[in-house]
Student: 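Here you go, one structure.
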Amino acid sequence: PGKKVLIVYAHQEPKSFNGSLLKIAVEELTKQGCSVTVSDLYAMQFEPRATRNDIVGPLHNSEAFNYGVETWEAYKRGHLSKDLVEEQKKVQEADLLIFQFPLFWFNMPAILKGWVDRVLVQGFAYDLSKIYDGGLLQGKLSLFSFTTGASKEMYSKEGVSGDIRYVLWPMQHGIMHFCGVRVLEPHICYAPENVSEEKRKEMLAAWTQRLKTLWKEEPIDCSPEWYFK
């Protein structure tokens with residue numbers, strides 16, 4: 001109780017299955033006494049492109065634009081654009097980050113990847129010597145909750161798409177663990193569009209159940225073995 005949760009949500013349609021998963025998370029976590037904030041990226045018309053506009057005022061080096069260096073310098077000086085400062089504040093305050101989205105091309109949708117590119121800048125989320133277990137966002141938990149188009153069988157080691165854990169490696173390990181965030185077991189709803197209404201209801205009920213005991217869960221072992229063993 002009293003925990004703060006940020007849900008970064010990337011779906012265009014509130015009536016979608018992802019929309020239902022979001023609604024359940026907000027209701028269930030609020031019921032537990034958590035304070036829940038949602039960044040609804042499509043509704044916010046969040047800008048996914050990392051550009052010069054992310055820096056307010058003069059550049060550190062106006063001769064040649066280097067996004068990583070410029071945002072790092074701007075972060076130190078408090079010169080990042082307002083939308084980034086707002087998102088960073090939400091991340092800073094959160095005990096748990098939930099990412100809710102449909103899997104696109106073995107990856108997160110562009111608008112969500114753009115949120116990662118722009119919000120998790122150097123100086124805020126990591127530093128050159130402070131990465132992985134030493135990342136700057138230590139003490140936080142994260143959870144990737146997403147839907148797939150393909151079935152669970154297709155996303156197995158023997159399946160045509162390979163183990164779903166290979167897909168999770170860049171997201172969970174390369175982004176969250178890199179920034180020092182501990183990662184909970186992902187929540188995956190396989191092919192909700194291709195199953196019966198009954199099965200979809202079961203999937204939603206399973207998410208509700210999981211959320212009830214979420215705070216008792218142990219993070220996954222953040223090592224390459226978890227993904228590739």
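Atoms considered below: every heavy atom in the structure, side chains included; atoms not considered: hydrogens, waters and symmetry mates.
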Student: Going hydrophobic residue to hydrophobic residue with side-chain gaps under 4.5 angstrom, can you get from Leu137 over to Leu96?
Tutor: no
Student: Are the side chains of Pro219 and Leu141 in contact, using a 4.5 Å heavy-atom criterion?
Tutor: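 When only atoms from C-beta onward are counted, Pro219 and Leu141 do touch, with a gap below 4.5 Å.
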Student: Verify the cluster assignment for Leu143 and Val183: are they in a single hydrophobic cluster under the rule of side-chain heavy atoms below 4.5 Å apart?
Tutor: no
Student: Begin from the C-alpha positions of Glu217 and Arg210 and carry the test salt bridge (charged side-chain N to carboxylate O under 4.0 Å, His left out) through to its verdict.
Tutor: CA-CA 10 Å; Glu217 290 186 19; Arg210 179 170 179 196; 2.8 Å; yes
Student: Donor-acceptor check, side chain of Thr213 to backbone of Lys216, threshold 3.5 angstrom: yes or no?
Tutor: no
Student: Does any N or O in the side chain of Lys4 come within less than 3.5 Å of the main-chain N or O of Val91, such that one atom is a donor and the other an acceptor?
Tutor: no
Student: Classify the angle between the aromatic ring planes of Tyr227 and Trp169 as parallel (below 30°), tilted (30 to 60°) or perpendicular (above 60°).
Tutor: perpendicular
Student: Indicate if Val69 and Phe65 have the same hydrophobic cluster label, given that clusters are the connected sets of ILVMFWY residues with side-chain heavy-atom separations under 4.5 angstrom.
Tutor: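 No: no chain of side-chain contacts under 4.5 Å links Val69 to Phe65.
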Student: Lys89 pairs by salt bridge (Lys or Arg N to Asp or Glu O under 4.0 Å) with which of Glu86, Glu87, Glu93?
Tutor: Glu93
Student: Using a 6.0 Å cut-off, check whether atom CZ of Arg52 has over 12 heavy atoms from anything other than its own residue.
Tutor: yes
Student: Could you please spell out the steps behind the side chain to side chain contact (heavy atoms under 4.5 Å, CB included) verdict for Phe104 and Leu112?
Tutor: CA-CA 11 Å; Phe104 284 1; Leu112 179 52; over 6 Å; no
Student: Where is the tightest heavy-atom contact between Tyr42 and Ala10, given as atom of each residue plus distance?
Tutor: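 For Tyr42 versus Ala10, the nearest heavy atoms are CE1-C, 3.6 Å.
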Student: Check Met203 against Cys189 and note the closest heavy-atom contact, atom names and distance.
Tutor: SD-CB, 4.0 Å
Student: Using side chain to side chain contact (heavy atoms under 4.5 Å, CB included), reason through Val26 and Ile7 one step at a time and then give a plain yes or no.
Tutor: CA-CA 8 Å; Val26 172; Ile7 306 177; 4.0 Å; yes
Student: Under 3.5 Å, is there a donor on one side chain and an acceptor on the other for Ser223 and Asp221?
Tutor: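 Yes.
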Student: Working to the nearest 0.5 angstrom, can you tell me the gap between Lys113 NZ and Asn107 CG?
Tutor: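 The distance works out to 7.5 Å.
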Student: Assigning hydrophobic clusters by single linkage (Ile, Leu, Val, Met, Phe, Trp, Tyr; side-chain heavy-atom cutoff under 4.5 Å), is Val160 placed with Tyr166?
Tutor: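 Per the 4.5 Å side-chain linkage, Val160 and Tyr166 are not co-clustered.
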Student: To check you understand the geometry: which heavy-atom pair defines the closest contact between Gly174 and Phe178, and what is its length?
Tutor: O-CB, 3.3 Å
Student: Report yes or no: do Thr147 and Asn18 form a side-chain donor-acceptor pair below 3.5 Å?
Tutor: yes
Student: Looking only at heavy atoms, what is the nearest atom pair of Val56 and Ser81, with distance?
Tutor: CG2-CA, 3.8 Å
Student: Identify the two heavy atoms, one from Ser151 and one from Tyr190, that lie closest to each other, and give their separation to 0.1 Å.
Tutor: C-CD2, 3.9 Å
Student: Can you name the nearest heavy-atom pair linking Phe46 to Arg118, along with the distance?
Tutor: CZ-NH1, 3.3 Å
Student: Give the table of side-chain donor-acceptor pairs shorter than 3.5 Å for residues 121-135, with sequence neighbours excluded, one pair per line with atom names and distance.
Tutor:
unit_1	atom_1	unit_2	atom_2	d
Gln122	NE2	Asp127	OD1	3.3
Asp133	OD1	His177	NE2	2.8

Student: How about Glu13: does its CD atom have over 12 heavy atoms from other parts shown lying under 6.0 Å from it?
Tutor: yes
Student: With side chains defined as the heavy atoms from C-beta onward, is the minimum distance between Met176 and Leu120 less than 4.5 Å?
Tutor: yes
Student: Just by distance, do the side chain of Gln138 and the backbone of Gly180 share a donor-acceptor pair under 3.5 Å?
Tutor: no
Student: Please tell me if the side chains of Met108 and Trp115 come closer than 4.5 Å, counting only heavy atoms from C-beta onward.
Tutor: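 Not in contact.
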Student: Restricting to ring-ring contact (aromatic ring centres under 6.0 Å, His included), what partner residues turn up for Tyr9, sequence neighbours left out?
Tutor: none
Student: Could you check if a side-chain atom of Leu97 sits within less than 4.5 angstrom of a side-chain atom of Val8, using non-hydrogen atoms only?
Tutor: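 Contact flag for Leu97/Val8 side chains = no.
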Student: Flag the pair His11 / Pro102 as yes when at least one side-chain heavy-atom distance between them is below 4.5 Å, and no otherwise.
Tutor: yes
Student: Are the side chains of Asp54 and Tyr67 in contact, using a 4.5 Å heavy-atom criterion?
Tutor: yes
Student: With side chain to side chain contact (heavy atoms under 4.5 Å, CB included) as the criterion, how do Thr148 and Val167 come out once you've worked through the C-alpha distance, each side chain's angles and the decisive distance to 0.1 Å?
Tutor: CA-CA 11 Å; Thr148 68; Val167 174; over 6 Å; no
Student: Determine yes or no for a side-chain-to-main-chain donor-acceptor pair under 3.5 angstrom, with Lys3 supplying the side chain and Leu29 the backbone.
Tutor: no
Student: Got a donor-acceptor contact below 3.5 angstrom from the Glu27 side chain to the Thr208 backbone?
Tutor: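 No, the answer is negative, given that no donor and acceptor are paired below the 3.5 Å cut-off.
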Student: Is the backbone of Arg182 close enough, under 3.5 Å, to the side chain of Ser142 for a donor and an acceptor to pair up by distance?
Tutor: yes
Student: Decide side chain to side chain contact (heavy atoms under 4.5 Å, CB included) for Phe99 and Gln172; before the verdict, give the C-alpha distance in whole Å, the side-chain angles of both, and the deciding distance to 0.1 Å.
Tutor: CA-CA 11 Å; Phe99 297 93; Gln172 294 187 162; over 6 Å; no
Student: Using a strict threshold of under 4.0 Å (side-chain N to carboxylate O), is an ion pair present between Lys157 and Asp163?
Tutor: yes
Student: Are His173 and Trp226 close enough that some pair of their side-chain heavy atoms sits under 4.5 Å apart?
Tutor: no
Student: Decide yes or no for Ile188 and Tyr155: does some side-chain heavy atom of the first lie under 4.5 Å from some side-chain heavy atom of the second?
Tutor: no
Student: Is the number of heavy atoms from other residues, nucleotides or ligands under 6.0 Å of Lys152 NZ greater than 12?
Tutor: no
Student: Could you state whether Leu59 and Val85 fall into the same hydrophobic cluster, counting links through intermediate Ile, Leu, Val, Met, Phe, Trp or Tyr residues with side-chain heavy atoms under 4.5 angstrom apart?
Tutor: yes
Student: Could you tell me whether a side-chain N or O of Gln88 sits under 3.5 Å from a main-chain N or O of Val119, the two making a donor and an acceptor?
Tutor: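 Yes, because the side chain of Gln88 sits within donor-acceptor range (under 3.5 Å) of the backbone of Val119.
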